[in-house]
Novice: 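Got a structure for you, written out below as structure tokens; questions coming shortly.
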Amino acid sequence: MLARAARGTGALLLRGSVQASGRAPRRASSGLPRNTVVLFVPQQEAWVVERMGRFHRILEPGLNILIPVLDRIRYVQSLKEIVINVPEQSAVTLDNVTLQIDGVLYLRIMDPYKASYGVEDPEYAVTQLAQTTMRSELGKLSLDKVFRERESLNASIVDAINQAADCWGIRCLRYEIKDIHVPPRVKESMQMQVEAERRKRATVLESEGTRESAINVAEGKKQAQILASEAEKAEQINQAAGEASAVLAKAKAKAEAIRILAAALTQHNGDAAASLTVAEQYVSAFSKLAKDSNTILLPSNPGDVTSMVAQAMGVYGALTKAPVPGAQDSVSSGSSRDVQGTDASLDEEFDRVKLS
């Protein structure tokens, strides 16, 4: 009870002296307990004891016994994680822009002996070190990189603080930038830059959409042309196949007609029937003259139909009496090849008669 009352009294006296001086409080000298022989040290605290003005030992949490008058509790160090607000300060970036920046510092006392005898006020020293390190690191970066690389900036400040505070028994766990205030004109320029960047992205996206649309239209036309050409190709193939089938069917029909005609010519009065057919075709061909062309060739006596028929029958008789090379049998037993040759000769003679 006496120890707690003494600690509370010491804390009140310290607060009054701090308010009078205007300086930040020092944790090393706040709430110093008196030596009451039997002391109970709270958890996560380290009490530094001096014997006759020299460092003696560090009291562990729990029950501890000290010698009155000789032993004195000189420092009380908290082993918990400490959060310190770094005051706002001005810093100049690499591109000569003045920023107002503040932060939060998280640290812990690792060695109470060094924290007590290595520096007068460890928290104040670490705060000043954090401010100077922040200004130094910001001077290496441009304004755009300050906003993009805040994480790397925090890591650099932590490394710099740990290198300097190692001899103080303090370790900086992390540093976080709270706010960054830029000048109003710079803020307006940044806003204009952001708007220009957004317009640029919108223009790029629109052009990419136009390009994709044009590519899709071109691909569609290409596929349509390919399909149309394939359809035309298939149509031509089918048409050619149809024409070939038609030609083949006509040839077969003509061959069959020739065979039937040859068989009919061998019958009774076949020559008279052939003569009548030739005469009819001759008269029909003569009636079609001057329909397709203005230039025609007429016989000397176009009105004498009997003489024209007699001339046609003479041609037919000459063809039928012409010897066929290699023929061994009569007309009734002739081969289909002789009949086809005779029919071809007949057609040639008939065309010659029409032209004459």
Novice: Under 3.5 Å, side chain of Ser213 to main-chain N/O of Gly209, donor-acceptor pair present?
Specialist: no
Novice: May I have the step-by-step check of side chain to side chain contact (heavy atoms under 4.5 Å, CB included) for Lys252 and Leu248, ending in yes or no?
Specialist: CA-CA 6 Å; Lys252 290 181 178 179; Leu248 183 60; 3.8 Å; yes
Novice: Search all heavy atoms of Ser116 against all heavy atoms of Pro112 and return the closest pair with its distance.
Specialist: OG-O, 2.7 Å
Novice: Would you name the heavy atoms of Gln43 and Pro61 that are closest together and state the gap between them?
Specialist: OE1-CB, 3.7 Å
Novice: Under the side chain to side chain donor-acceptor pair (under 3.5 Å) test, which residues partner Tyr106, sequence neighbours left out?
Specialist: none
Novice: Tell me every residue that passes salt bridge (charged side-chain N to carboxylate O under 4.0 Å, His left out) with Arg174, counting only those two or more places apart in sequence or in another chain.
Specialist: Glu81
Novice: Listed by chain and number, what are the side chain to side chain donor-acceptor pair (under 3.5 Å) partners of Asp71, not counting sequence neighbours?
Specialist: Arg51
Novice: Is Val104 reachable from Leu107 through a run of hydrophobic residues whose side-chain heavy atoms are each under 4.5 Å from the next?
Specialist: no
Novice: Say you draw a straight line from CD1 of Ile65 to CG of Leu39; how long is it, rounded to the nearest 0.5 Å?
Specialist: 9.5 Å
Novice: Any donor and acceptor pair, going by atom type alone, linking the side chain of Asn162 with main-chain N or O of Ala160 inside 3.5 Å?
Specialist: no
Novice: Do any N or O atoms from the side chain of Arg108 and from the backbone of Ile82 form a donor-acceptor pair under 3.5 angstrom?
Specialist: no
Novice: Provide the full list of salt bridge (charged side-chain N to carboxylate O under 4.0 Å, His left out) pairs with a residue in residues 219-235, sequence neighbours left out, each pair given once.
Specialist: none
Novice: Strictly below 4.0 Å, N to O, side chains only: are Arg211 and Glu208 in salt-bridge contact?
Specialist: no
Novice: Not counting sequence neighbours, which residues clear side chain to side chain donor-acceptor pair (under 3.5 Å) with Gln100? List them please.
Specialist: none
Novice: Can you name the residues that form a side-chain contact (heavy atoms from CB on, under 4.5 Å) with Glu243, not counting sequence neighbours?
Specialist: Gln239
Novice: With rounding to the nearest 0.5 Å, note down the distance linking CG in Leu227 to OG in Ser229.
Specialist: 7.5 Å
Novice: For Arg135, I'd like to know if atom CZ has over 12 heavy atoms of other residues, nucleotides or ligands within 6.0 Å.
Specialist: yes
Novice: Dump the intermediate steps for side chain to side chain contact (heavy atoms under 4.5 Å, CB included) on Leu66 and Leu59, then the final yes or no.
Specialist: CA-CA 10 Å; Leu66 298 178; Leu59 300 182; 4.0 Å; yes
Novice: Answer yes or no: is there a donor N or O on one side and an acceptor on the other, between the side chain of Thr133 and the main chain of Ala130, under 3.5 Å?
Specialist: no
Novice: The criterion is side-chain contact (heavy atoms from CB on, under 4.5 Å); which residues satisfy it with Ala125, sequence neighbours excluded?
Specialist: Val119, Trp168
Novice: Please check: side-chain N/O of Gln89 versus main-chain N/O of Gln131, any donor-acceptor pairing under 3.5 Å?
Specialist: yes
Novice: Would a distance-only check, ignoring hydrogens and angles, find a side-chain to backbone donor-acceptor pair under 3.5 Å from Asn238 to Ala234?
Specialist: yes
Novice: Who clusters with Met52? Use side-chain heavy atoms, under 4.5 angstrom, across I, L, V, M, F, W and Y, and order the result by chain and number.
Specialist: Ile67, Leu70
Novice: Locate the shortest heavy-atom distance separating Pro122 from Ala115; write the atom from each residue and the value.
Specialist: CG-O, 4.0 Å
Novice: Glu195: what forms a side chain to side chain donor-acceptor pair (under 3.5 Å) with it, not counting sequence neighbours?
Specialist: none
Novice: Step by step, work out the side chain to side chain contact (heavy atoms under 4.5 Å, CB included) result for Val146 and Leu138.
Specialist: CA-CA 7 Å; Val146 170; Leu138 284 175; 3.8 Å; yes
Novice: Any link between Tyr75 and Phe55 through a network of hydrophobic side chains (Ile, Leu, Val, Met, Phe, Trp, Tyr) touching at under 4.5 Å?
Specialist: yes
Novice: Between Val158 and Asn154, is a side chain to side chain contact (heavy atoms under 4.5 Å, CB included) present by the stated rule, with each step listed?
Specialist: CA-CA 6 Å; Val158 170; Asn154 296 336; 5.5 Å; no
Novice: Nearest 0.5 angstrom please: Lys250 NZ to Ser245 OG, how far?
Specialist: 12.0 Å
Novice: Do the side chains of Leu105 and Ile161 get nearer than 4.5 Å, heavy atoms only?
Specialist: yes
Novice: Give, for atom CG of Asn85 and atom OG1 of Thr127, the distance between the pair rounded to the nearest 0.5 Å.
Specialist: 9.0 Å
Novice: Determine the minimum heavy-atom distance between Asn35 and Val37, stating which atoms define it.
Specialist: OD1-N, 3.0 Å
Novice: Mind checking whether Val86 and Val83 sit in one hydrophobic cluster, side chains of I, L, V, M, F, W, Y counted as touching below 4.5 Å?
Specialist: no
Novice: With sequence neighbours excluded, what pairs up with Lys145 under the salt bridge (charged side-chain N to carboxylate O under 4.0 Å, His left out) test?
Specialist: none
Novice: Would you give the length of the straight line joining atom CD of Gln77 to atom CD1 of Ile109, rounded to the nearest 0.5 angstrom?
Specialist: 4.0 Å
Novice: Closer than 3.5 angstrom, by distance alone: can the side chain of Asp102 be matched with the main-chain N or O of Pro87 as a donor-acceptor pair?
Specialist: no
Novice: If we only count heavy atoms from C-beta on, is the Asp179 to Ile101 side-chain gap below 4.5 Å?
Specialist: no
Novice: With side chains defined as the heavy atoms from C-beta onward, is the minimum distance between Ile58 and Val49 less than 4.5 Å?
Specialist: no
Novice: Counting N and O atoms only, with roles assigned by atom type, does the side chain of Thr210 sit under 3.5 Å from a partner on the main chain of Glu206, one being a donor and the other an acceptor?
Specialist: yes
Novice: Can you measure from CZ (Arg57) to OH (Tyr113) and round to the nearest 0.5 angstrom?
Specialist: 16.0 Å
Novice: Would you mind writing out the side-chain donor-acceptor pairs for residues 90-98 within the sub-3.5 Å range, not counting sequence neighbours?
Specialist:
residue	atom	partner	partner atom	Å
Thr93	OG1	Asp95	OD1	2.5
Thr93	OG1	Val97	N	3.2
Thr93	OG1	Val97	O	3.3
Asp95	OD1	Leu143	N	3.3
Asp95	OD2	Leu143	N	3.3

Novice: Does any part of the side chain of Pro42, heavy atoms only, come nearer than 4.5 Å to the side chain of Trp47, both counted from C-beta?
Specialist: yes
Novice: Residues two or more places apart in sequence or in another chain: which of them pass side-chain contact (heavy atoms from CB on, under 4.5 Å) with Gln44?
Specialist: Leu79, Lys80
